[in-house]
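The structure under discussion appears below in the form of structure tokens.
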Amino acid sequence: MKLPLSSLSFPGLPRAARAAALAILIGLPLAATTTSAPAQNLPSLGDTEREELSPLMERKLGEQIIREIRRDRDYLDDAPVIEYLNTFGGTLLSAFPEARGEAGYDFFFFAVRDPMINAFALPGGFIGVHSALLLAAQNESELASVLAHEIGHVSQRHIARMLGKQRQDALIPLASLVLAALAARSSPDASTALLMGGQGMAIQRQLNFSRDAEREADRVGLSIMKEAGFDTSGMVSFFGRLQTATRAYNDSAPAYLRSHPLTTERIADIQARTRDMRYRQRADSLDFHLIRARVRVLQDLTPQGLLDAVGALDMQAQGKTRNQLAAAKYGLAFAALKQGNPDKAQELLQQAVAATQGPAAPIQNVNFTNLAIDIKLAQGKAADALKEADAARAKFPLSRGIARQYADSLIAAGRLDDAVAYLRDQAQLYRQEPQLQDQLAKAYAAQGKQALQHLALAESYALNGALPAAMDQLGIARRAPDASFYDQSLIDARERDWKAQWRDQMKEGQKEKL
């Protein structure tokens with residue numbers, strides 16, 4: 001029995017298991033460790049493995065999984081968090097370009113809400129980080145040790161090497177099989193029929209392979225950290241914390257933690273490999289502290305969760321360093337905004353800025369700026385928000401969060417034609433951002449343009465992998481009274497494309513059942 005690809009969104013699993021299932025899926029559990037051997041001494045993949053799972057196929061599989069993750073409620077679709085992770089990960093990759101591997105993947109780093117300290121690599125260059133890991137990392141060197149290790153898994157194409165002797169058609173059934181095993185452990189009544197025959201042996205074979213993969217990822221990870229100038233002792237300290245966390249899990253813990261215990265022997269091995277390396281003291285960026293405070297608030301947005309976050313941030317505000325104080329005030333401001341109190345959020349944000357830049361200094365940090373714009377929008381000060389967002393675009397031209405806030409400010413200020421023109425240009429430049437299509441739909445709705453509103457919603461659903469919902473939106477757009485001849489032609493073209501894609505997905509599903 002197989003599970004359909006759509007089951008990869010893990011609707012029936014607890015939060016901790018959903019992201020962990022992806023790690024088990026490819027047999028690559030986190031071990032935040034590295035060694036000193038240079039990456040160029042690592043073995044290359046054989047021709048057979050390349051033929052069986054090409055980089056294109058590996059990327060396609062990763063894209064299918066990440067689409068499902070983005071639709072999950074615990075995916076942290078938060079622009080500042082995503083931008084920080086990708087800027088940080090990009091720094092590691094820039095310092096050691098060889099880490100992109102023979103496939104030269106375009107990496108994407110993201111976060112998911114999960115109380116377990118972990119991270120995971122997906123096929124094709126997608127790397128996920130649990131929110132608990134961001135909170136547990138005490139400095140950027142510890143965070144670098146984790147991301148560098150996961151980059152090592154991708155650069156060495158461990159997924160291809162794990163599945164190299166299997167046909168490409170078997171990739172999704174294998175993923176479903178492993179997911180079913182995890183589901184059965186978490187809820188035996190939900191999928192008892194899925195654990196039959198030799199499935200247990202197949203899973204163990206993948207876990208056994210991962211031990212060799214860990215050693216290779218360790219070697220690549222350390223090379224990345226050295227070149228990027230991070231303190232390698234951060235690996236040991238974080239590794240010890242993972243060991244402590246593992247002991248806290250009970251018998252229902254995901255299989256990869258039980259099968260791959262974090263032992264003192266492994267910590268000793270890392271200490272031995274890094275003993276002769278020169279100590280490098282690296283100051284943490286202000287953004288590291290701000291993002292950790294932001295994640296603490298986003299970890300649990302229930303009323304009680306926000307109260308708990310406020311309590312923790314109040315304690316942090318007693319810290320002696322300026323960055324600790326600034327981050328605590330920033331987190332408290334963000335929490336106040338989430339609690340519906342923008343005026344209090346404004347006051348706390350001013351205290352955060354003053355802690356690092358002085359009481360009268362203009363805001364120079366992108367995360368401070370992002371929150372300041374959100375606060376003004378929440379206060380109904382659309383003109384002020386637009387002015388600040390426009391200035392921020394020039395100051396932070398690479399920030400996608402600021403770009404989308406500028407569009408929100410245009411809409412809030414009633415400059416709908418300008419908003420549509422700007423968003424259409426942005427959608428052409430950044431074709432894989434469904435948020436832009438959502439904003440376009442909002443602007444069209446405010447203009448009363450029903451056909452274009454539902455066309456934009458259709459594009460958003462399609463980018464998120466929800467083709468049936470996208471085609472439903474096309475049907476609504478076709479029936480809209482203001483649908484022009486051009487709109488109808490565009491609807492017909494998109495419908496043909498998406499129906500063809502849907503038929504291909506259905507064929508893959510039929511193969512899976514064979």
Side-chain angles (χ1 to χ4, degrees), residues 32 76 78-85 87-88 91 111 113 115 117 129-147 229-231 233-238 240-242 244-245 279-301 305-339 341 344-372 374-375:
L76 278 180
D78 182 77
V81 173
I82 293 173
E83 284 184 19
Y84 171 77
L85 287 174
T87 299
F88 189 79
T91 299
R113 290 186 187 89
I117 300 173
V129 181
H130 290 200
S131 54
L133 186 145
L134 288 169
L135 297 176
Q138 295 181 356
N139 53 61
E140 286 189 304
S141 289
E142 291 189 352
L143 179 59
S145 72
V146 176
L147 296 189
F230 286 94
D231 175 20
S233 68
M235 307 175 202
V236 178
S237 60
F238 195 77
R241 195 146 48 254
L242 283 176
T244 301
Y279 171 72
R280 293 182 177 181
Q281 184 174 9
R282 180 185 174 104
D284 295 328
S285 68
L286 173 61
D287 288 331
F288 170 71
H289 296 281
L290 297 181
I291 291 301
R292 289 178 74 243
R294 189 176 184 94
V295 168
R296 188 175 295 281
V297 174
L298 291 172
Q299 176 87 323
D300 184 354
L301 291 175
L306 288 174
L307 289 175
D308 292 341
V310 168
L313 291 166
D314 277 333
M315 292 183 62
Q316 182 181 329
Q318 308 305 315
K320 297 180 180 179
T321 70
R322 290 191 304 170
N323 282 352
Q324 286 178 328
L325 175 60
K329 293 295 185 180
Y330 169 84
L332 290 168
F334 187 46
L337 182 62
K338 291 295 184 183
Q339 291 170 322
N341 194 340
K344 181 179 179 181
Q346 177 66 35
E347 179 183 349
L348 288 164
L349 178 60
Q350 290 173 347
Q351 294 175 20
V353 174
T356 58
Q357 300 177 191
I363 296 177
Q364 300 295 332
N365 179 276
V366 65
N367 290 303
F368 285 155
T369 302
N370 181 286
L371 184 54
D374 280 343
I375 290 172

If you look at every heavy atom in S131 and R113, which pair is closest and at what distance?
-> OG-CA, 3.4 Å
For L313 against G331, the heavy-atom pair lying closest together | CD1-C, 3.5 Å
If you measure from OH on Y330 to CG on N370, what distance do you get to the nearest 0.5 Å?
-> 6.0 Å
CD1 of I291 to NE2 of H289: how many Å apart, nearest 0.5 Å?
-> 12.0 Å
Exercise: identify the closest heavy-atom pair between I375 and Q346 | CG2-OE1, 3.4 Å
Heavy-atom nearest pair, R282 first then F230, reads NE-CE2, 3.1 Å
In Å and rounded to the nearest 0.5 Å, what is the CG to CD distance from L301 to Q339?
-> 10.5 Å
Between Y84 and S285, which heavy-atom pair has the shortest distance, and what is it?
-> CE1-OG, 4.3 Å
Supply the atom-to-atom distance N323 CG to F288 CZ, rounded to the nearest 0.5 angstrom.
-> 10.5 Å
Would you say the side-chain atoms of D284 pair up with the backbone N or O of N139, donor to acceptor, closer than 3.5 Å?
-> no
List the atom of L290, the atom of A327, and the distance in Å for their closest heavy-atom pair.
-> CD2-CA, 3.7 Å
Interatomic spacing from CD in Q299 to NE2 in H130 - rounded to 0.5 Å | 10.5 Å
Kindly write out the residues that satisfy salt bridge (charged side-chain N to carboxylate O under 4.0 Å, His left out) with R296, not counting sequence neighbours, or none if the list is empty.
-> none
Residue set satisfying salt bridge (charged side-chain N to carboxylate O under 4.0 Å, His left out) with D78, at least two apart, ordered chain then number -> R294
d(Q318 CD, L325 CG) to nearest 0.5 Å is 9.0 Å
